Amino acid sequence: MASELTRKTATELAAAVSGGEVSAAEVTQAHLDRIAEVDGRVKAFLHVSADNALAAARAVDDKRARGEELGPLAGVPVAVKDLFATVGMPTTCGSKILQGWVPPYESTVTARLRQADGVIIGKTNMDEFAMGSSTENSGYGPSRNPWDLAKVPGGSSGGSAAAVAAHLAALSLGTDTGGSIRQPAAVCGVVGTKPTYGGSSRYGVVAFASSLDTPGPFGRTVLDTALLHQVMSGHDPMDATSIDAPVPPVVEAARHGDVAGMRIGIVSEFAGDGYQPGVMSRFAEAVELLEALGAKVTEVSCPHFTYALPAYYLIAPSEASSNLARFDGMRYGLRSGSGSAEEVMAVTRAAGFGPEVKRRIMLGAYALSSGYYDAYYGKAQQVRTLIIRDFEAAFEQVDVLISPPTPTTAFDIGERADDPMAMYLADLCTIPSNLAGNAALSVPIGLAPENGLPVGLHVMAPPLADDRLYRVAAAVEAAYQSRWGHPLLDEAKGL
Amino acid sequence: MSITRDEVAHLARLSRLALSDEELDHLAPQLNQIISAVAQVQEVAAEGIPPTSHATGLANVFRDDEPVPCLTPEQALSGAPAVEMQRFKVPRILVEEG
Amino acid sequence: MTTVSVTYEEALTRYEPVFGLETHVELGTRTKMFCGCLTTFGGEPNSQVCPVCLGLPGSLPVMNRIAIEYTIKIGLALNCSIASWCRFARKNYFYPDMPKNFQISQYDEPLCLDGYLDVSVNGQTVRVGIERVHLEEDTGKSLHIGGATGRIQGAEYSLVDYNRAGIPLVEIVTKPVPGTGSLAPEVARAYVTELRDVLRSLGVSDVRMEEGSLRCDVNTSLSPLGSGAWGTRTETKNVNSLRSVERAVHSEIERQAAVLDEGGRVIQETRHFHEESGETTSGRSKEEAQDYRYFPEPDLVPVAPDAAWVDAIRTSLPELPSARRARLIAAWSLSDLEFESMRNGGALDVVEATVVAGASPRDAQKWWMGELARRANDSGVEVSALPITPADVARVSALVSAGTLNDRLAREVLDGVLAGEGTPDQVVEKRGLAVVSDDSALLAAIDEAITANPEVAEKVRSGKVAASGVIVGAVVRATRGQADAARVRELVLERLS
């Protein structure tokens with residue numbers, strides 16, 4: 001019974017809890033048991049609060065007992081990336097510099113999740129301050145891919161992707177700054193969405209790169225992912241960059257997957273050297289499938305996408321160098337060293353930040369320095385405009401764009417650890433949507449024949465057209481499910 | 001485009017990072033590699049192209065001048081490494097502001 | 001260090017001073033620039049803070065609409081053009097009183113640009129150019145513990161209170177002001193005075209220099225007379241009273257002249273002003289030049305005030321001090337000096353309100369600038385803070401004009417009002433203070449006085465009119481001053497004729 005509960009989708013669990021077939025406490029306990037059983041190997045979580053989670057679950061059960069109607073996430077266990085501020089739970093961002101910090105306030109997104117009667121089951125591991133593509137940059141050790149424990153789960157939201165893939169939570173929250181939801185979703189064989197920038201609030205989400213960071217959902221199914229997307233989204237007056245517009249009808253779209261007559265563009269720049277054969281063969285198959293389902297697929301060139309990666313590695317570190325200045329040991333978190341405030345700050349930061357964070361802080365300081373600003377940061381901002389224009393031109397011809405989400409399947413732990421440039425390539429295909437602020441998602445399309453690891457399909461839509469992603473993904477998911485006869489995750493052999 | 005070890009040391013000071021010599025030795029070539037890669041943006045013809053600092057296109061997002069509850073001093077100071085007289089206690093400050 | 005010293009007068013025979021001012025003004029919004037915490041002065045430490053102004057990880061700023069409006073108001077009052085589109089930037093530097101280790105400020109895109117403010121010194125008008133007016137956030141405040149004098153130097157540690165962090169701060173930067181010669185210190189002071197009055201009339205700040213809601217940095221440079229080239233400037237920080245503004249320019253002129261006379265070079269640096277000595281000393285110079293790495297604040301969206309908004313703000317502007325000055329000088333036939341003394345005494349508003357309440361301008365001035373100014377001075381408050389209203393003063397003035405009160409009684413009535421005994425009419429009644437104008441009441445007192453002074457009465461009867469003073473005096477004493485002495489004299493002479 002208990003293990004069956006962890007195999008259910010969020011949609012099923014919410015219905016069962018709302019209908020009184022199972023209590024939220026039972027659902028939560030089942031997931032806590034599963035975590036106790038396997039997370040020692042996966043290491044998806046940095047912090048699991050059984051007491052908090054069970055108390056939240058019981059509150060949901062009490063609410064039902066009082067005859068009140070439950071929210072859309074009734075009793076659904078949700079894993080939360082450890083950079084959402086949560087009252088009563090530590091928020092470390094995977095960094096030693098924030099070890100033990102418990103925020104005195106709650107992020108908008110987690111508050112909405114609680115209001116929807118979701119149960120936060122724990123905080124998940126991540127690359128330190130969301131900088132990375134493997135969770136190896138976590139100050140607390142890497143998470144592992146449930147498909148193969150020797151492989152990375154992707155990153156930076158690797159813990160959240162792994163938690164859902166390993167059935168430790170029905171849903172999870174991540175953030176996507178350059179691909180940090182879509183790439184781990186792809187390599188863990190789950191669904192992950194980067195909503196339109198401004199569609200989900202950043203209030204209470206510890207910033208990496210403010211103009212790019214986008215909170216988003218993970219789920220094992222397209223519908224589950226849409227459900228969390230719906231709950232977490234919407235205007236927030238506490239975030240000045242939040243868009244005051246209705247949430248696109250993502251759940252509706254996820255229930256009615258259909259690509260008949262849809263114009264779909266393949267980004268021609270994202271193919272060739274560096275793309276793993278199995279990733280490309282699955283992608284080609286997906287294109288055939290989409291055509292078979294009635295979509296009109298063409299190739300579209302977005303010439304400036306080639307420059308997205310270098311532009312991103314100027315813009316994101318620049319913003320990060322400033323965003324991370326506040327971690328100085330004066331007001332919260334680690335304080336290290338002795339002597340003057342200046343010395344303590346410098347020693348604390350040197351001790352508290354890992355190597356990738358230091359690299360990016362210094363790269364950002366360099367790009368913003370007087371004398372270099374125009375050549376680096378300024379130029380990157382112009383490239384950003386050109387990428388937006390490429391998207392605009394493309395979306396005049398097609399409804400959505402597709403590409404592989406990442407050039408390879410999950411790689412070995414340690415393989416790229418001290419080779420920043422190799423690591424950065426994991427985000428090659430996902431970065432343009434962050435620079436343009438539009439919506440994109442990754443949905444599983446099978447396993448790479450050469451290694452049996454998951455491959456995803458990356459779908460990109462114009463800003464505020466997030467629902468299109470789900471129409472495509474739901475159609476793709478339904479077609480593959482009927483072909484496979486079971487969920488892809490049933491084939492995961494890591495655990 | 002290359003960056004000297006001295007420049008890397010300067011960036012570390014600017015970023016308030018007390019890096020050891022070993023760290024600087026390790027970081028300098030990595031930063032060099034990254035900087036020469038990101039310098040590709042300079043190839044792009046962008047004459048007359050306006051910069052984008054934000055993709056939303058929003059403007060004039062304000063709040064009303066209405067008070068909202070603050071944190072209590074206890075909450076505000078809850079994460080502080082050191083507290084005295086209901087204030088954040090920090091080591092002596094060498095450089096005057098400005 | 002220089003060894004020679006140069007007097008101010010000598011300095012000006014060889015050098016032309018140029019000064020400029022950067023004035024920081026805390027806006028009087030109810031809440032902070034980017035969050036809903038109160039801005040009230042003097043709260044318990046760290047009681048007016050939230051995740052945003054404490055810079056907690058994950059918090060985000062949202063602009064206070066009124067702070068933007070106030071800044072536009074200031075820009076319009078200073079004849080600036082208002083940007084149609086501008087952004088906030090981050091100014092990055094590490095400092096413990098700055099919660100995020102960057103300050104949200106405006107860099108190359110200020111809200112208001114290129115204006116001026118006319119100030120008058122000794123009847124001469126000087127136009128001070130305004131370079132820019134921009135908005136930023138204030139920092140927290142540190143207490144330095146363990147040093148000799150609570151100063152940062154030598155302190156063992158510091159204690160930081162972030163209540164002030166995030167209060168909207170407007171920075172008003174002048175263009176360099178050349179050509180004022182020996183008047184430079186006075187012009188600098190007059191500019192800050194005029195600016196303070198403008199800000200006060202706009203209602204955008206309480207402009208209390210003693211509480212730090214208006215703070216000045218003074219830039220000064222010297223160039224050899226007739227050289228045409230401008231010298232290297234120094235920036236004197238924390239000049240926090242009107243008098244200090246004047247003294248800071250004065251002392252920098254002397255100091256720089258001594259350096260130049262010796263053949264030395266003025267170093268571009270930050271200097272600190274010392275209230276006690278009136279002198280400046282060099283600030284600790286930084287090992288490396290500051291590089292603030294400004295870039296557009298990515299957590300905020302641009303400010304794009306449209307013409308309708310700016311026009312609405314323009315329409316709402318109150319009468320500015322310069323216009324008021326011109327109007328009052330004309331309407332009340334004032335000299336410049338009379339106007340200045342009323343303005344400097346902080347009495348303009350109450351005098352004008354008293355005139356509006358019916359008093360003549362002369363009478364209103366007489367009471368507020370004379371008797372009431374003296375009382376205010378005695379109790380160490382602003383005249384406008386006395387517990388008496390302009391309507392009360394107008395009523396007293398009316399009672400004097402009607403002959404009900406003489407000046408001495410009027411002063412007693414003011415006493416009563418100030419002591420909280422009620423309105424002037426109530427005080428007159430309670431204290432029984434009206435001038436006795438009833439002849440029959442007076443005649444009884446006069447008869448009594450004549451009976452009591454038979455020899456004097458005889459002298460008067462015999463033509464020595466001057467002797468009547470004794471009897472008049474006795475009557476006035478007997479009526480406890482409420483008799484009108486002139487009338488008493490008339491009646492005494494009638495009686496004894």
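Source: prediction; values computed, not measured. Below, chain A is the first sequence line, B the second, and so on; all start at residue 1.
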Review point. Do the ring planes of C/Tyr292 and C/Tyr294 sit parallel (below 30°), tilted (30 to 60°) or perpendicular (above 60°)?
Key: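 Rings of C/Tyr292 and C/Tyr294: perpendicular, over 60°.
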Exercise for review: Return the option, out of B/Glu84, B/His54, B/Glu74, B/Met85, with the maximum number of heavy-atom pairs under 4.5 Å with chain C.
Suggested key: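 Of the options given, most contacts go to B/Glu84.
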Which answer fits [X], side chain, backbone, both or neither, if we ask what part of it has an atom under 4.5 Å from a heavy atom of chain B?
| X | answer |
| --- | --- |
| C/Tyr162 | side chain |
| C/Pro302 | both |
| C/Trp309 | side chain |
| C/Pro45 | both |
| C/Ile68 | side chain |
| C/Cys53 | neither |

Exercise: do [X] and [Y] side chains pair donor with acceptor under 3.5 Å:
| X | Y | result |
| --- | --- | --- |
| C/Gln103 | C/Glu137 | no |
| C/Thr234 | C/Glu269 | no |
| C/Thr220 | C/Arg233 | no |
| B/Asp65 | C/Thr31 | yes |
| C/Ser105 | C/Glu136 | yes |

Review point. Which of the residues C/Ser47, C/Cys35, C/Ser142 is involved in the greatest number of heavy-atom pairs with chain B at under 4.5 angstrom?
Key: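 Maximum pair count with chain B is reached by C/Cys35.
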Practice item. Just give me the residue among C/Ala304, C/Cys50, C/Pro305, C/Ala67 that pairs up with chain B most often, heavy atom to heavy atom, under 4.5 Å. Key: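 Among the listed options, the one with the most contacts to chain B is C/Ala304.
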Check your understanding: Would B/Arg92 count as a cation-pi partner of C/Tyr157, with NZ or CZ less than 6.0 Å from the six-membered ring centre and within 45° of the ring normal?
Key ->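 Verdict for C/Tyr157: no cation-pi partner in B/Arg92.
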Point to revise | Region of B/Pro67 that comes under 4.5 Å of a non-hydrogen atom in chain C | key: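 Interface part for B/Pro67: both.
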